[in-house]
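Just follow the structure's listing: the first ligand is 1, and inside any ligand the first atom is 1.
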Amino acid sequence: MADAPHSRLEAWLRYCEELGLGPFYRDRTRPALPSTPAPASAQTRQPDPGPRPASIPAPVAAAPSLFDVVESVPEDSLERIRADLGDCTRCRLHRSRTKIVFGTGNPRAELVFVGEGPGHDEDQQGEPFVGRAGQLLTQMIEAMGLRRSDVYICNVVKCRPPENRTPERDEIATCAPFLQRQLAVIRPRVIVCLGAVAAQTLLGFHASISRIRGQWYDYRGARLLATYHPAYLLRNPSAKVEVWSDLKQVMAALGLKPPPPRPRQRR
Ligand code: URA
């Protein structure tokens, strides 16, 4: 027999709690879910197709999305998210990590950078973007007239994938709710996704970074722009031109002016 919607919701909430999300409270400002699904004919104006064959499950009222659930966690904070993450063993990445890399910077930042996952240096130090790619990111931030402490920097996965491989789907799915909560707490005006993994995770679709970079998307009311990952720039310095053009769009969106050029040093 098919599960009733409420027992599926219960299972979903249990799963979320295992991920460290919760406890949950009903948000009474949201309309209640309909107890019976709206008839398809009311939505599409098509004639009633008659009884449904047994093999096709009846539609159920849409379960709340993870974000509906996340948004209804009252008084969430970065400290609480970090505490919920704990000494995480939810996915296989914990086995080879040294330190969890949660995120760093201004908890009220207007601008958040989201990378893929910690590398060797970040794993050692417990801080995002402190290796070579991180130094380049710091230069990019400073070229925008900002300091690292003005922005917030974090990653999709909080533990280093072995050999710096790309995080796998299930690892991303396990860790992404923590990123979503971080973004829900910080409420930045602009999110810059560094590379395809961050962009695909937050946008929820697959596309190559070269196709989606430099364009604005909406992420839960924030403006989201994807650009090349600084590690890619280390291998392909000519792509810095495109990244700078992307960052200039971010500066315009935030009303930032580039700092005056530094005087050249005499040799
Ligand atoms: N690359 C990332 O995606 N994140 C880091 O923190 C460091 C390198």
Short N or O distance, Pro128 and ligand 1, threshold 3.5 Å exclusive: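 No, no N or O pair falls under 3.5 Å.
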Glu116 N/O under 3.5 Å from ligand 1 N/O: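 Yes; the residue has a nitrogen or oxygen that sits under 3.5 Å from a nitrogen or oxygen of the ligand.
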His229 to ligand 1, any heavy atom closer than 4.0 Å: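 His229 counts as a contact of ligand 1 under the 4.0 Å cut-off.
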Contact atoms of ligand 1, heavy-atom distance to Gly117 under 4.0 Å: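 Matching atoms, with element in brackets: 1 (N), 2 (C), 3 (O), 4 (N), 5 (C), 7 (C), 8 (C).
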For Gly115, atoms of ligand 1 separated by under 4.0 Å from a heavy atom: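 The atoms of ligand 1 under 4.0 Å from a heavy atom of Gly115 are 3 (O).
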Residue list, salt bridge (charged side-chain N to carboxylate O under 4.0 Å, His left out) with Arg82, at least two apart or on another chain: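 Arg82: no salt bridge (charged side-chain N to carboxylate O under 4.0 Å, His left out) contacts found.
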Where at least one partner belongs to residues 101-160, residue pairs that pass ring pair (Phe, Tyr, Trp, His ring centres under 6.0 Å), sequence neighbours excluded: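 Pairs touching residues 101-160 that pass the test: Phe129-His229.
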Main-chain N/O of Gly221 paired with Asp218 side-chain donor or acceptor, under 3.5 Å: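 A pair under 3.5 Å: yes.
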Residue, atom name and distance, where the atom is the protein heavy atom closest to atom 4 (N) of ligand 1: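 Answer, as residue, atom name and distance: Asn155 OD1, 2.8 Å.
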Matching residue for Glu171 among Arg92, Arg90, Arg95 - test: salt bridge (charged side-chain N to carboxylate O under 4.0 Å, His left out):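 Going through Arg92, Arg90, Arg95 one by one, the salt bridge (charged side-chain N to carboxylate O under 4.0 Å, His left out) with Glu171 is satisfied by Arg92 alone.
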Cluster link Val156 to Val130, ILVMFWY, side chain under 4.5 Å: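 The answer is no; the residues belong to distinct hydrophobic clusters.
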